Amino acid sequence: MRAIAWLLALFGVAVAAALLAGNNQSTVTVFWPPYRVDLSLNLVLLLTVATFIALHYALKALSALFAMPQQAQRWRLQQKERATHAALLDAFSHLLAGRFLRARKAAEVALRQEQALLASGHPLAHGDKLRALAHLVTAESGHSLQDKTTRDSHLQQALDSTAQRNTLETQETREGIQLRAAHWALADRDADAALQWLDALPQGAARRTLALRVRLKATRLARQTLPALETARLLAKHRAFSPAAAQSILRGLALELLNTAYDPAQLQRAWSELEPTERLMPDVAIQAAQRLATLQGDTATARMWLLPIWEQMVAHPEQEHAFGTKLVRALEAGFSATNSPADLPWLHRIEAAQQRNPRDARLQYLAGMACLRHQLWGKAQQLLTQSLHQLEDSGLQRSAWRALADLAEQRGDLAAAQAAYKQVAGI
């Protein structure tokens, strides 16, 4: 559409020029005593346009001539800027390729060229950022070469370069430098220094996935289990790990938190720090109950922690639970500690579960041990004897044979007791 409009305008100008110049009989007389020159109006107009064009190009040529020194200077500055950027790009390339000495030399070249531009009175518009990145590459190379003196020196210079201007770009560059410093401290096994660098970050930068990963490693190195667990929860929320990896990390940290408790009160505080999803992890609940039994805590509390895990195992008997044996041991430890009326609800739960799943050897064993603690000798002997044919865990087999040996001694059947003890010794 625009081309059509230009074409129509051109035709209009051509028609106007033809109408004006075709029948134009006007003349222009120039008096220059003692001369008189008669010129046609068309020629005068043509000469005027030609003179204007000639003057325009003459002035343009003169301007270009006088601007040649400035253009030469600008060209030299551009060449120096390009050389500075090329040196910095070479430094990054060598760093990624593992050529740390070459990376450091290229970064030093970039720093010298940037300083030369600054001294000449023509600083780069982004000179602070370029200088900081060059120092960072030099520090990274020094860290890889185990040259901590060079690393720390250039690290401080990089931080000083970003502190001169408070802009968004320099702020982001400074945050990147602080994260690299935290990485280096972590590589030096200095967890306190790594945490100090991370604490110096702004709140938004400290919650980024990369910063949280570094914080998780640093807190685990510093044996700060609870902060490490909180950091792992944030990473899992941000989907920094796969679901299986996140569950494994959370489970490991929860177990570590429980193992740091050295009295029942500490253990209950540690349990209260866990989230509901973590309390439903079988390994975590079983470890908490076993730890509480070891610390001679309240067995009712331990069983309350184990109740969701027990319901999960009973609700899905068709699945082979890897935690089933551990759960049986934890419940057995609670029954062996006391013989109070408070144990009766659990005795009913175990009997009901065993009746619903009569072929589950672990439930038979647990029901037999529960009956044994409640002095139900006959039923205990029957259940334990039935479980021995299908029990796969050697520890449960030894416990079952020892219990049968004790029952035989109580009956006065020494031959049966000796046979049971032989079975214990043979396992």
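Remember, predicted model here, so these are calculated numbers, not experimental data.
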Open item on the list: Evaluate Glu256 against Asn259 for side chain to side chain contact (heavy atoms under 4.5 Å, CB included), listing each step before the verdict.
Closed with: CA-CA 5 Å; Glu256 186 176 345; Asn259 290 331; 5.6 Å; no
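- Salt bridge status for Asp147 with Arg104: present, with a side-chain N to carboxylate O gap under 4.0 Å.
- Classified by interplanar angle (parallel below 30°, tilted 30° to 60°, perpendicular above 60°), the ring pair Trp271/Trp305 is parallel.
- By the neighbour-count criterion of 12 heavy atoms within 6.0 Å, atom CZ of Arg99 is sparsely surrounded, having that number or fewer from other residues, nucleotides or ligands.
- Other residues, nucleotides and ligands contribute over 12 non-hydrogen atoms within 6.0 Å of the CD atom of Gln78.
- Counted within 6.0 Å of CD on Gln296, heavy atoms from surrounding residues, nucleotides or ligands total 12 or fewer; the atom is thus considered open.
- Residue pairs meeting the ring pair (Phe, Tyr, Trp, His ring centres under 6.0 Å) criterion with at least one partner in residues 238-263, sequence neighbours excluded, are absent.
- Under the side chain to side chain donor-acceptor pair (under 3.5 Å) criterion, Arg411 pairs with Gln381, sequence neighbours left out.
- Residue pairs meeting the ring pair (Phe, Tyr, Trp, His ring centres under 6.0 Å) criterion with at least one partner in residues 82-107, sequence neighbours excluded, are His85-His126.
- For the side chain to side chain contact (heavy atoms under 4.5 Å, CB included) with Leu216, the qualifying choice from Leu221, Leu229, Leu253, Leu234 is Leu253, the only one to do so.
- A cation-pi arrangement, defined by a distance under 6.0 Å to the six-membered ring centre and an angle within 45 degrees of its axis, is absent between Arg398 and Trp401.
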TODO: Test side chain to side chain contact (heavy atoms under 4.5 Å, CB included) on Trp197 and His183 and set out the steps.
DONE: CA-CA 9 Å; Trp197 283 112; His183 271 286; over 6 Å; no
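- Residues Glu275 and Arg279 have side chains not in contact (no heavy-atom distance under 4.5 Å, counting atoms from C-beta outward).
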